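Below is one structure, written out as structure tokens, with a few remarks after it.
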Amino acid sequence: MKKRIFAPVICAVLAISLFVVGAFADDETATLQIGTAEELLAFAADVSAGKYNDVTDAVVELTDDIDMSGYGWTPMGQMIGNYFSGTFEGNGHTVSNLSITEGTSDSYGSYYGFFGYTYNAAIRNLNISGSVQSNGGSRCLCVGAVVGLLEGGEIINCSALDFTIDFNNVYNNNKDGGIGGIVGFAYEADIIDCVSNAEITKTAAMTIGGVAGQARTTVMGNCIFNGSIEFNDCSKEIYAGGIAGSTSVSDGGDPTLIVSCTNNGSIVAVTGDNTTDYYIDAGGIVGNAQQGCMISNCLNYGKVDASQYNSLNSATGGIAGRMQSFAKLSYCVNYGDVYGGKSCTGGIVGALLCVGTGNEAFYADPHYALDNCLNAGTIQSATNNVYTGGIAGKAQNDSKTPTTAYITNCISVGAVSAASSSKAHPIAAYSDDFTYVNNYYDNSLPNTVDDDTAAEVNGGSKGVDAAYMKTEAFIDEVNAGGGDYHLDDNGQIALGPKFYDVTLVFGNGAADAVYSIEEDTEFTLPAPSRSGYIFMGWKCSDGNVYQADEVITVEKDLTFTAVWANMPDITPDEPDEFPFTDVPATAWYYDAVYYVWENGLMNGTDTYKFS
């Protein structure tokens, strides 16, 4: 159904706006090329006039970088009004110095960005630099460098290069919106291969994300945040994350997926309110993940610091601040430092809450909440009476429909530090009705939990010496129980299988090929061709020679160079000087073998044997 976010209110408006569109769809479907600021402004005026509403076959492309210095910018589109529904192809170009001080607005919210609002649009290969600077707008604030509110469609390979978002600390309860480096609020959309260097500062809002403020029934894949988020002096709810501030599900929609994303940026509470009981959730990847959200293969290198907030409901984590309603997290690593406030702080997740009922689409039994996660960052809470865990600060199963909730195959090696009256544990500092299987931790880390938590956590978690954790024996032990780890080239624990590069140098005009192959995987060498030459085999960096279709087991980086013989140029000496008894003089390949032997290219496998 079209316009699902606010459909009941806007049906009458849609009827009017759709009536305006028809002529353009029939008459103007050719690609529009834009290469100047004036052409871009003219396109924006056409969007505002409704010429692109629901014109899904419209194609607009940039032909050059465009500098918007000296021009004010009004975001293109709003939900209750006119918007863009086609394909905008940036071709890798940059729209720079975009200055936005006023958003477009309607009864739903306010929209800030290159596009204010799009519906089922595709925006690709576009770079944006500039700023949004304002005192905010209506209840629902949607802010992103590329799009404020992305309903349906996709953003592919776009970036916020040098982009600043500043709302002068005016709080906005944007529950159905968001402030993000690329997109403010993504609703049933895809955000893939995007990079955000945005600086989000003096911003006080419910949902703030380095890439997307809020992702609702959305797929985010291979996105990177390199900027910073600073949220200030708020006494309301805040969800802040390096990739997404929060995740949610549309009515009847699928859970949000966040896959293979990396945060290098910082998420910091500059000042706080020591008396508030509001939720303050901060995470390296997601601030608040719920309703079946699945986070996998993500990395956090950035600092997450919400220590300024002493809310009893704060949750700070290296990957997720808070996870609830059957959200799942797997194959994630935290290398960043995490500093928490008065409630829950964890290397992977601050507060892990299993809540919900069996009639919800994302309900699961069993529920594997955390699996194969590694914390190598420093986890610290300086406030008394808090929970500080190397993997989870708090793990609590309060599902109204019974389920078995698991934390499995996790490793904690990063430092854990807490005030003397606080609870700390390398795996989980508080646990209620969770099951632990095959978890490991450095036994020199603090363990000050109560007896009930100790019984649960230690029932499936094992403390071992730090030195042992750097051995292949330890890796074998973990992996035998269901883990998926290896030691990297520096002897440190790393998640997932180890991969090696296999390089093929063809020497026939084709580009070299490089394959990333999992350790102990078999690889079949191909049979290349070259006009006028005969292929003699693959000379390998390990000193051996291999033939086409030979199968090798990859255990290290290898380079194979094709050896060729030019048949017309071969003039062999008398056969009696030739040592290889398995290559008769009458064989069709005799001359080629003689050539590579005489010129020292190949010496055979034995004194009298070539193959």
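Only a predicted model underlies this, so the values are computations on that prediction, with no experimental measurement involved.
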| task | Just do the side-chain contact (heavy atoms from CB on, under 4.5 Å) check on Leu40 and Phe114 with the steps written out, would you? | result | CA-CA 11 Å; Leu40 183 58; Phe114 181 68; 3.8 Å; yes
When you check the side-chain N and O atoms of [X] and [Y], is any donor under 3.5 Å from an acceptor?
X	Y	answer
Thr503	Asp501	no
Ser381	Thr345	yes
Glu188	Ser250	yes

Nearest-0.5 Å distance that lies between atom [atom1] in [X] and atom [atom2] in [Y]:
X	Y	atom1	atom2	value
Leu41	Asp46	CG	CG	11.5 Å
Leu329	Ile319	CG	CD1	6.5 Å
Ile243	Cys194	CD1	SG	10.5 Å
Ser266	Ile229	OG	CD1	8.0 Å
Leu495	Cys373	CG	SG	7.5 Å
Asp176	Arg216	CG	CZ	4.5 Å

I'd like to know if the side chain of [X] and the backbone of [Y] have a donor-acceptor N/O pair within less than 3.5 Å.
X	Y	result
Glu39	Gly35	yes
Glu61	Glu89	no
Asn82	Ser48	yes
Ser228	Gly265	no
Thr256	Thr217	yes
Asp281	Thr316	no
Glu154	Ile156	no
Ser343	Ser314	yes
Ser85	Tyr119	yes
Asn297	Val259	no

Do [X] and [Y] come close enough that some side-chain heavy atom pair is under 4.5 Å?
X	Y	answer
Glu38	Tyr71	yes
Thr201	Thr164	yes
Phe231	Ile208	yes
Tyr112	Ile179	no
Ile285	Ile295	yes
Tyr279	Arg322	yes
Thr36	Ile66	no
Asn91	Thr63	no

| Mutual orientation of the aromatic rings belonging to Phe43 and Tyr52 [parallel < 30°, tilted 30-60°, perpendicular > 60°] | perpendicular
| remark: Test side chain to side chain contact (heavy atoms under 4.5 Å, CB included), reference Ile391, set Leu374, Leu352, Leu370, Ile379, output is Leu370
| field | For Asn264, the option from Asn300, Asn226, Asn197 that meets side-chain hydrogen bond (donor to acceptor under 3.5 Å, both in side chains) | value | Asn226
| message | Please identify which of these residues, Thr104, Thr118, Asp106, meets the side-chain hydrogen bond (donor to acceptor under 3.5 Å, both in side chains) condition with Tyr111. | response | Asp106
| query | Taking atom CG of Asp162 as the centre, does the number of heavy atoms from other residues, nucleotides or ligands within less than 6.0 Å exceed 12? | reply | no
Grab the two heavy atoms, one from [X] and one from [Y], that are nearest each other, plus how far apart they are.
X	Y	result
Gln308	Ala269	CG-O, 3.2 Å
Cys158	Val146	CB-CG2, 4.3 Å
Phe84	Ala121	O-CB, 3.7 Å
Gly292	Pro255	O-CB, 3.2 Å
Cys142	Gly177	SG-CA, 3.8 Å
Thr388	Val386	OG1-CG2, 3.9 Å

| said: Check this for me: does any side-chain nitrogen of one of Lys328 and Asp371 sit under 4.0 Å from a carboxylate oxygen of the other? | reply: no
| Between Phe185 and Tyr108, is the gap from one ring center to the other below 6.0 Å? | no
| Distance flag, aromatic centroids of Phe88 and Phe115, threshold under 6.0 Å | yes
| message | Going by salt bridge (charged side-chain N to carboxylate O under 4.0 Å, His left out), name the residues that satisfy it together with Asp489, two or more places apart in sequence or in a different chain. | response | Lys498
| field | Full working for side chain to side chain donor-acceptor pair (under 3.5 Å) between Ser248 and Gln214 | value | CA-CA 8 Å; Ser248 53; Gln214 180 176 176; 2.9 Å; yes
| Residues in side-chain contact (heavy atoms from CB on, under 4.5 Å) with Val219, at least two apart? | Asp190, Ile192, Leu257
| request: May I have the step-by-step check of side chain to side chain donor-acceptor pair (under 3.5 Å) for Glu151 and Tyr117, ending in yes or no? | output: CA-CA 8 Å; Glu151 183 175 2; Tyr117 168 83; 2.5 Å; yes
